[in-house]
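Sending over a structure as C-alpha cells; questions will come in a sec.
Protein chains get the first letters and strands the later ones, always in sequence-line order, with residue 1 at the start of each.
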Number of protein chains: 2
Amino acid sequence: MDFTLTPRQQQILDFVRRHIAKQGIPPTRAEITTAFGFRSVTAAEDHLRALARKGVIELLPGASRGIRLTGDEDAAANDGDSLPLVGRVAAGNPILAQESVESWYKIDRKLFHPQPDFLLRVQGWSMRDAGILPGDLLAVKRVPTAQNGEIVVARMGEDVTVKRFERRGDIVRLLPANPDFAPIRIDLAQQDLVIEGRAVGLLRTGGFAGPSPAPLHADMSSAA
Amino acid sequence: MDFTLTPRQQQILDFVRRHIAKQGIPPTRAEITTAFGFRSVTAAEDHLRALARKGVIELLPGASRGIRLTGDEDAAANDGDSLPLVGRVAAGNPILAQESVESWYKIDRKLFHPQPDFLLRVQGWSMRDAGILPGDLLAVKRVPTAQNGEIVVARMGEDVTVKRFERRGDIVRLLPANPDFAPIRIDLAQQDLVIEGRAVGLLRTGGFAGPSPAPLHADMSSAA
DNA sequence: TGGACGACTGTCAATACATGCAGCTGTCCG
DNA sequence: CGGACAGCTGCATGTATTGACAGTCGTCCA
C-alpha cells in the first residue's frame with residue numbers, strides 16, 4: 001500500500017484524525033470544507049477520495065461521516081507501547097536482531113501512520129533540508145521496497161544510510177536533502193541495495209542546541 | 001451524576017460502544033433501530049436521550065451520528081506518560097487552558113530533557129533550518145524567561161510563534177531559522193512579550209511527504 | 001388511583017450529507 | 001506539445017438523519 005501523501009493530503013488526514021480525536025466522530029465534507037476555507041465541498045470530497053485511493057482511510061458509501069482510518073497493520077511482536085532503538089548494525093545481520101537493539105523508547109507507535117517498527121539514530125547533516133538532523137531518532141517502518149520520493153533507510157553492505165529514494169529502471173539514486181552532499185548512485189545490476197524501511201516519523205529529544213544548528217559542513221541559512 | 005442504567009439502556013450503550021469500536025463511527029438512530037429490531041426510530045431516540053440525561057453519552061444537536069461517549073478516558077491522561085496537544089490559543093487565555101487542549105499524546109515525557117509540559121503544532125516554514133517543519137509537534141517546557149539562543153514559544157497578543165530568542169537590553173529579537181523570513185524585533189519598553197516556554201524536543205508523526213519538503217516560499221536548495 | 005417513567009409504534013418536516021457532473025488552473029513528465 | 005494529476009469552484013439531486021408530535025402498554029410508587 002502506498003502511503004505517500006501530498007502535503008495537502010497530509011493536512012486533510014491530520015484534520016480528520018484530530019476531528020475524530022476531539023469530536024469523537026469523523027468530519028463531514030462540509031466540515032472539512034469550512035475548516036480549510038474551501039468554497040466547494042467537492043474539494044473535500046476529492047481529497048477524501050485521494051486518501052481512500054492511497055489506502056490511509058476508508059470511505060463507507062452512503063453513510064454520513066463514513067470515514068474510517070485504516071489503522072494499518074503492526075509488525076514485530078511487542079507491547080505496542082514502545083519502540084526499539086536500533087544502534088550499530090552489523091553486516092549481514094537483520095537490522096532488528098536482538099544484538100543491535102540498544103534500548104527501548106516508551107512511545108505509542110500508534111501515533112505514527114503507518115506504525116513504525118523501530119527507531120534509528122540519525123547521523124550527519126545529509127537530510128537537513130527534510131528536517132532530519134543528527135541525533136534525531138527516525139521512526140522507521142520495515143518495508144522491503146520503496147516508492148520514488150520516499151525517505152528510506154537503505155543498506156549497502158555495512159553502511160546504513162537515510163536518503164530520499166529515486167529509481168529509474170535499474171538505476172537507484174539515494175538523494176540527500178542537503179546541497180552539500182552528493183547523491184549516491186547505485187546500479188542494481190551490479191550492486192546490492194537493501195531497503196530496510198521507510199521513514200514515517202521523527203523524534204527529537206535532545207532539544208535545540210546552539211544559536212544556529214551548528215553545521216558540521218557548510219553554512220546553514222545563508223544559502224542564498 | 002447518576003450512572004445507573006436500566007438493562008435495556010445498558011444494551012443500547014454497549015451497542016453504541018461496539019459500533020464505534022468496530023465501525024469507527026457512532027451509529028445513527030436508524031442503525032440502532034434495525035440492530036434492536038425496533039419498528040420506530042423514536043425508540044432509539046428515546047434511549048439515546050435517556051443515556052444523555054444520565055450523562056454517559058453526549059448528543060451533538062444537528063450533527064448526524066452526533067453521539068459522544070463521556071467515558072472518562074481522560075483518566076489515562078496526566079499519568080506523566082502523556083502530553084497534551086495545545087491547539088488554537090485564545091487571546092488572554094493561559095496556553096494550557098482546558099479548552100485549548102486538543103488531545104493527549106502517549107509519550108513518556110521523561111524522554112526529553114528537560115521534561116516538556118505540552119506539545120504545540122508547528123505552523124509555517126519559518127524554523128525550517130532548525131529542522132522544525134509545519135505539522136511537527138513541538139515539545140515545550142513552560143518557562144517564563146529565556147536565554148539567548150534558545151528556541152522559544154512566544155506570544156504577542158493573539159499570535160503564538162516559535163522562534164529563536166535573542167535579547168540585548170530592552171530589545172528582543174525573535175529570529176526565524178529561514179532566510180525567507182524576517183526577524184521580529186520587540187522593544188520591551190513599548191510592547192509586551194510573553195514567553196510561553198522553551199522548545200525541548202520534537203515529534204513528527206506525519207511522515208515525510210512530497211519529494212521535497214514542499215516549500216511555501218523559496219527554493220529548498222535541492223530543487224535543481 | 002393517578003402520576004412518573006421505561007419502552008415502545010407511527011408519521012412527518014427540515015436539514016445534514018454524500019455524491020455526481022462540468023469546468024478551471026497549475027505542475028510535472030515523457 | 002499533450003496528458004495525467006493535484007487542487008480547486010459551482011451547482012444539483014437524492015438520500016440519510018435528526019428531532020418533534022401524538023399515542024399505547026406496563027410497572028413501580030406515594
Side-chain angles (χ1 to χ4, degrees), chain A residues 2-13 15-16 19 23 25-54 56-68 147-149 164 166-169 173 175, chain B residues 2 4-13 15-16 19 23 25-54 56-68 209-216 219-220 222-224:
Chain A
D2 183 6
F3 283 100
T4 324
L5 305 182
T6 67
R8 198 57 163 160
Q9 288 167 1
Q10 187 64 54
Q11 286 178 30
I12 303 280
L13 178 59
F15 174 77
V16 173
H19 196 281
Q23 311 295 327
I25 54 179
T28 64
R29 273 69 164 165
E31 282 161 354
I32 297 174
T33 300
T34 62
F36 282 83
F38 300 151
R39 299 209 198 164
S40 173
V41 288
T42 310
E45 175 77 13
D46 285 352
H47 282 302
L48 291 178
R49 302 251 169 155
L51 290 173
R53 208 175 337 112
K54 296 188 177 181
V56 293
I57 65 171
E58 195 181 334
L59 292 176
L60 316 175
S64 72
R65 302 177 188 275
I67 303 173
R68 191 186 298 173
Q147 304 289 314
N148 280 354
R164 200 173 284 282
E166 191 183 273
R167 174 174 183 176
R168 305 250 181 278
R173 296 208 309 156
L175 306 171
Chain B
D2 187 5
T4 28
L5 305 181
T6 68
R8 199 56 163 160
Q9 286 167 1
Q10 188 63 55
Q11 287 177 31
I12 303 280
L13 178 59
F15 174 77
V16 173
H19 196 280
Q23 311 294 325
I25 54 179
T28 63
R29 275 69 164 168
E31 283 161 354
I32 297 175
T33 299
T34 61
F36 282 84
F38 301 151
R39 300 205 196 169
S40 171
V41 289
T42 309
E45 174 78 14
D46 285 351
H47 281 303
L48 289 178
R49 301 252 168 153
L51 290 173
R53 208 175 336 112
K54 297 190 176 179
V56 293
I57 66 171
E58 196 180 334
L59 293 176
L60 314 175
S64 70
R65 302 176 188 274
I67 304 173
R68 192 186 296 172
S212 94
L216 285 184
D219 65 288
M220 289 300 296
S222 59

Quiz item: Rounded to whole angstrom units, what separation is found between the NE2 atom of H19(B) and the C1' atom of dT17(D)?
Solution: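 It is 13 Å, rounded to the nearest whole Å.
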Quiz item: Which of the following nucleotides, dG6(C), dA18(C), dA7(C), is nearest to the side chain of H47(B)?
Solution: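 Nucleotide nearest to H47(B)'s side chain: dA7(C).
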Self-check item: Separation of dA7(C) P from L48(B) CG (nearest whole Å)
Solution: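 Result: 13 Å.
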Self-check item: Expected output: side-chain R68(A) to main-chain I25(B) donor-acceptor under 3.5 Å
Solution: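 Judged by distance alone, no pair lies under 3.5 Å.
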Quiz item: Can you check the R39(A) CZ to dG10(D) P distance for me, whole Å?
Solution: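 The distance from CZ of R39(A) to P of dG10(D) comes to 5 Å, rounded to the nearest Å.
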Exercise. With the side chain of R29(B) defined as its heavy atoms from C-beta on, choose the nearest nucleotide among dA6(D), dG19(D), dC11(D).
Key: dG19(D)
Quiz prompt | Between dT9(D) (P) and F38(A) (CZ): distance, integer Å | solution = 7 Å
Practice problem: Look at the side chain of T42(B) and decide which nucleotide, out of dG10(D), dT18(D), dA22(D), has an atom nearest to it. | Solution: dA22(D)
Quiz prompt | Nucleotide nearest V41(A) (side chain, heavy atoms from C-beta), chosen from dG6(C), dT19(C), dG19(D) | solution =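 Nearest to the side chain of V41(A) among the choices is dT19(C).
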Quiz item: Between dA18(C), dG10(D), dC8(C), which nucleotide gets closest to the side-chain atoms of S40(A)?
Solution: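 Taking heavy atoms from C-beta onward, the closest nucleotide is dG10(D).
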Exercise. Check for a donor-acceptor pair, side chain of R49(A) on one end and backbone N or O of L51(A) on the other, with a separation under 3.5 Å.
Key: no
Quiz item: Hey, which of these two, T33(B) or S64(B), hits DNA chain C nearer its 5' end, going by closest nucleotide?
Solution: T33(B)
Quiz item: Between dA6(D), dG6(C), dG19(D), which nucleotide has the shortest distance from any of its atoms to the side chain of Q9(A)?
Solution: dA6(D)
Quiz item: Out of dC17(C), dC8(C), dC8(D), which nucleotide sits closest to the side chain of A43(A)?
Solution: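 Ranking dC17(C), dC8(C), dC8(D) by closest atom to the A43(A) side chain puts dC8(D) first.
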Self-check item: Under 3.5 Å donor-acceptor, R65(B) side chain and S64(A) backbone
Solution: yes
Exercise. Measure the distance from CG on L59(A) to P on dG20(C) and round it to the nearest whole Å.
Key: 11 Å
Practice problem: Can you tell me the distance, in whole Å, between the CG atom of D46(A) and the C1' atom of dT25(C)? | Solution: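 Computing the D46(A):CG to dT25(C):C1' distance gives 14 Å.
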Quiz item: Which nucleotide in the set dT9(C), dC17(C), dC8(D) lies at the smallest distance from any side-chain heavy atom of A63(B)?
Solution: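 Output: dC17(C).
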Quiz prompt | Touch class at under 4.0 angstrom, heavy-atom based, for R49(B) against every strand present | solution = sugar-phosphate
Quiz item: Closest to the T28(A) side chain: dC17(C), dG7(D), dA7(C)?
Solution: dC17(C)
Quiz item: To the nearest Å, how far apart are F36(B) CZ and dC8(C) P?
Solution: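 Those two atoms, CZ and P, are 9 Å apart.
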Quiz prompt | Residues, nucleotides or ligands: over 12 heavy atoms within 6.0 Å of R8(B) CZ | solution =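 Enclosed: over 12 neighbouring heavy atoms sit under 6.0 Å from CZ of R8(B).
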Practice problem: Compare side-chain N and O positions of R65(A) against OP1 and OP2 of dC17(C) and report whether any pair is under 4.0 Å apart. | Solution: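 Yes, within the criterion.
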Quiz prompt | Check: T28(A) side chain, E31(A) main-chain N or O, donor-acceptor pair, under 3.5 Å | solution =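 Pair found, side chain donor or acceptor close to backbone of E31(A).
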Quiz prompt | Integer-rounded Å distance: dC8(C) C1' and I32(B) CD1 | solution =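 Taking CD1 of I32(B) and C1' of dC8(C), I get 14 Å after rounding.
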